Amino acid sequence: MKNFDLIKLPFSKNNPILVQVLGVCSCLAVTAQLKPAVVMAISVIVVVALANVIISLLRNTIPPRIRIIVQLVVVSTLVVLVDQVLKAYVYDVSKQLSVFVGLIITNCIVMGRLEAFAMVQKPLPSLLDGIGNGLGYSVILIVLGFVRELFGSGTLWGYPVMEKLGLYEIGYENNGLMIMPPMALILVGLIIWWHRSKNKDLCEQ
Amino acid sequence: MAKSFSNSYIFIYSAVLVVVAALILTVVAVSLKPAQEKNQRAETKQMILKTIGIDATRDNADELYAQHITEADNYYTFDGGIILPLKGTGLWGPIWGYLALDNESTVVGAVFDHKGETPGLGGEIASDKFAQRFIGKKMDTEAIHLKKNADKSNPYEVDAISGGTMTSNGVTAMLAKAYDDYSNLLTKPETPETLETPAEEMEATE
C-alpha cells in the first residue's frame with residue numbers, strides 16, 4: 001500500500017466511523033457543540049498517531065502473550081498526558097469532555113489500529129495510518145458538531161449565527177432534538193446511507 | 001512474531017514498561033500542576049460569583065471576585081448577605097456547591113458541581129435549571145431538602161432530580177450539614193430584625 005493511501009483511505013473507503021463503525025460512542029457524546037468535537041478530534045489524532053508509532057517501534061520486543069496489556073499501557077499513558085494538558089490549557093473544554101477523554105483509552109479505533117496495523121508495520125507507515133484514521137474520525141466528528149450546534153443551539157463555536165442572521169425575529173426556533181445524543185446517531189446513519197450510495201462496492205450483498 | 005519469549009523476559013519487560021510510563025506521567029503531572037490549580041481557583045471564584053448573579057469569565061474572575069466578595073473564616077460575604085460553601089458526597093464521588101443567602105436567610109442564588117455523577121441524571125445538579133429551583137427558598141428554621149414532586153410554595157422543599165435519587169439525597173445531606181455548621185450565621189425568624197417588617201407595614205396603612 002502506498003503511503004499516501006494510508007492517509008487517504010480512512011477518509012472515505014475505510015473510514016473508522018462510517019465503514020469500520022468504531023468509536024461511535026464518543027462521536028455521539030461530544031458532538032453537541034463544535035468546540036468539544038474539535039478538541040476531541042485533535043486528542044484522538046494525537047493519541048492514535050503516537051500510540052501507533054510507539055507500538056510500531058516496540059513491535060519486535062513485545063511478547064505476543066502480553067501485547068494487549070502493553071498496548072493498553074501505552075495508550076493509557078498517552079491519554080492521561082492529553083487529559084493533563086487539556087486540564088492545564090483548555091480547562092472549560094476538558095470539563096465538557098469530562099470522562100470522554102479518559103474513554104479514548106477504550107476507543108476501539110485506537111486498539112484496532114494498534115492490533116491490526118502498528119504491530120506488523122514500520123514506524124512511518126504506522127504514523128501515517130494513525131493520522132489517517134484519526135482524521136477520518138475527526139471529519140465525521142466535525143461535521144456532526146457543525147450541524148448539531150448550528151441547528152441545535154443556533155451558534156457556531158459559540159458565535160450566535162442564527163441570531164445575527166435575524167432568523168429568530170421571523171419565527172425560527174432551534175431544534176432541541178439536535179442537542180440530544182439520539183440525533184447524532186440519526187445523523188451518522190444518514191451520513192452512512194449517503195456514503196454507501198456513493199460507494200456501492202462497500203454494500204453487502 | 002513467531003519468536004518465543006521467556007517468562008523472565010516478559011516479567012522484566014512489563015516492569016520496565018510500567019516504570020517508564022509512571023516516570024513520564026509523574027514528570028508531566030508535576031510540571032502542569034500550577035497551571036491546573038490556577039484554573040481550578042478561577043473556577044471556584046466563578047462559581048461563587050455566579051451565586052450572586054455575576055457571570056465572570058475565567059480571565060476577569062479574579063478582579064470581580066476582589067470587588068464583590070469578602071472571605072470570612074470559612075464562608076464568604078457579599079454586599080447583602082453571606083455565601084456558604086457546601087461539601088458532600090453524591091453517588092460516585094464528591095459534590096459541592098455554594099449557596100448565597102440574604103440577611104433573612106432567603107436563598108438568592110445557588111450553584112452546584114460534581115466530580116463524576118452520571119451525566120444527564122445526577123450530573124444535572126450542575127445545571128442552571130436545577131440551581132434556579134433554590135432561589136427564594138429559606139434556610140432559617142430548617143434546612144432545605146430535596147423531594148420528589150416537591151410543593152413549590154414550601155420554602156424548605158426543592159424538586160429532586162428524576163433518575164438522580166442518590167445524588168439528590170447527597171445534596172439534601174450536604175444542605176443539612178451546612179445548616180448545622182453555620183446555624184449561628186443563619187437568621188432565625190424570632191430575631192428582632194425580622195419583627196421590624198410588620199411594624200413598618202402598620203405605619204404604611206396608617
Side-chain angles (χ1 to χ4, degrees), chain A residues 25-26 28-30 32 36 50-51 54-55 57-103 105 115-116 118-121 158 179-182, chain B residues 1-47 55-59 61 92-93 113-124 126-127 129:
Chain A
C25 166
S26 58
L28 306 189
V30 300
L50 289 181
I54 294 171
I55 291 295
L57 286 170
L58 296 175
R59 70 186 187 283
N60 291 324
T61 68
I62 299 174
R65 264 192 285 169
I66 59 163
R67 66 181 195 284
I68 301 283
I69 297 172
V70 172
Q71 290 166 9
L72 265 180
V73 170
V74 170
V75 174
S76 320
T77 308
L78 289 170
V79 168
V80 175
L81 285 182
V82 168
D83 192 32
Q84 294 284 323
V85 170
L86 291 182
K87 275 201 182 109
Y89 298 110
V90 276
Y91 189 74
D92 295 297
V93 179
S94 95
K95 282 215 83 169
Q96 261 177 311
L97 291 173
S98 65
V99 297
F100 293 101
V101 174
L103 286 179
I105 297 171
E115 190 59 8
M119 281 300 284
V120 289
Q121 296 278 351
I179 51 177
M180 310 295 279
Chain B
M1 283 300 276
K3 248 195 293 183
S4 69
F5 294 88
S6 67
N7 281 345
S8 51
Y9 176 88
I10 293 179
F11 272 115
I12 294 167
Y13 191 89
S14 32
V16 170
L17 182 75
V18 170
V19 169
V20 170
L23 227 104
I24 295 172
L25 288 182
T26 314
V27 170
V28 171
V30 169
S31 57
L32 289 178
K33 208 167 183 194
Q36 293 173 354
E37 279 176 348
K38 189 167 156 264
N39 286 332
Q40 275 157 10
R41 275 197 303 274
E43 193 197 21
T44 307
K45 289 181 176 174
Q46 279 179 301
M47 276 179 83
D55 266 328
T57 64
R58 203 157 299 277
D59 299 320
W92 303 114
D113 208 349
H114 61 94
K115 172 99 181 157
E117 300 306 296
T118 318
L121 302 175
E124 288 295 297
S127 68
K129 208 176 87 197

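So that the names make sense, note that chain A is the first sequence line, chain B the second, and so on, each numbered from 1. All heavy atoms count here, side chains included; hydrogens, waters and symmetry mates do not. Note that the structure is a prediction, hence the values are computed from the model and not measured.
- How far CG of Leu81(A) is from CG of Leu32(B): 9.0 Å, rounded to the nearest 0.5 Å.
- The contact between Val70(A) and chain B is made by backbone and side chain atoms together, counting heavy-atom distances below 4.5 Å.
- Under the side chain to side chain contact (heavy atoms under 4.5 Å, CB included) rule, Thr77(A) has a single partner from Val28(B), Val18(B), Leu25(B), which is Leu25(B).
- Atom OH of residue Tyr9(B) and atom CD1 of residue Ile66(A) lie 8.5 Å apart, to the nearest 0.5 angstrom.
- Taking 4.5 Å as the limit, every side-chain heavy atom of Phe5(B) sits out of range of all side-chain heavy atoms of Thr61(A).
- Considering CD1 of Ile10(B) and CD1 of Ile62(A), their distance stands at 12.0 Å, rounded to 0.5 Å.
- Rounded to the nearest 0.5 Å, atoms OG (Ser31(B)) and CD (Gln84(A)) are 9.0 Å apart.
- Between the CG atom in Leu86(A) and the CG atom in Asn39(B) there is a gap of 11.0 Å [rounded to 0.5 Å].
- Of the atoms belonging to Glu37(B), not a single heavy atom falls under 4.5 Å from chain A.
- Interface remark: Leu58(A) contributes backbone and side-chain atoms alike to the contact with chain B (heavy atom separation under 4.5 Å).
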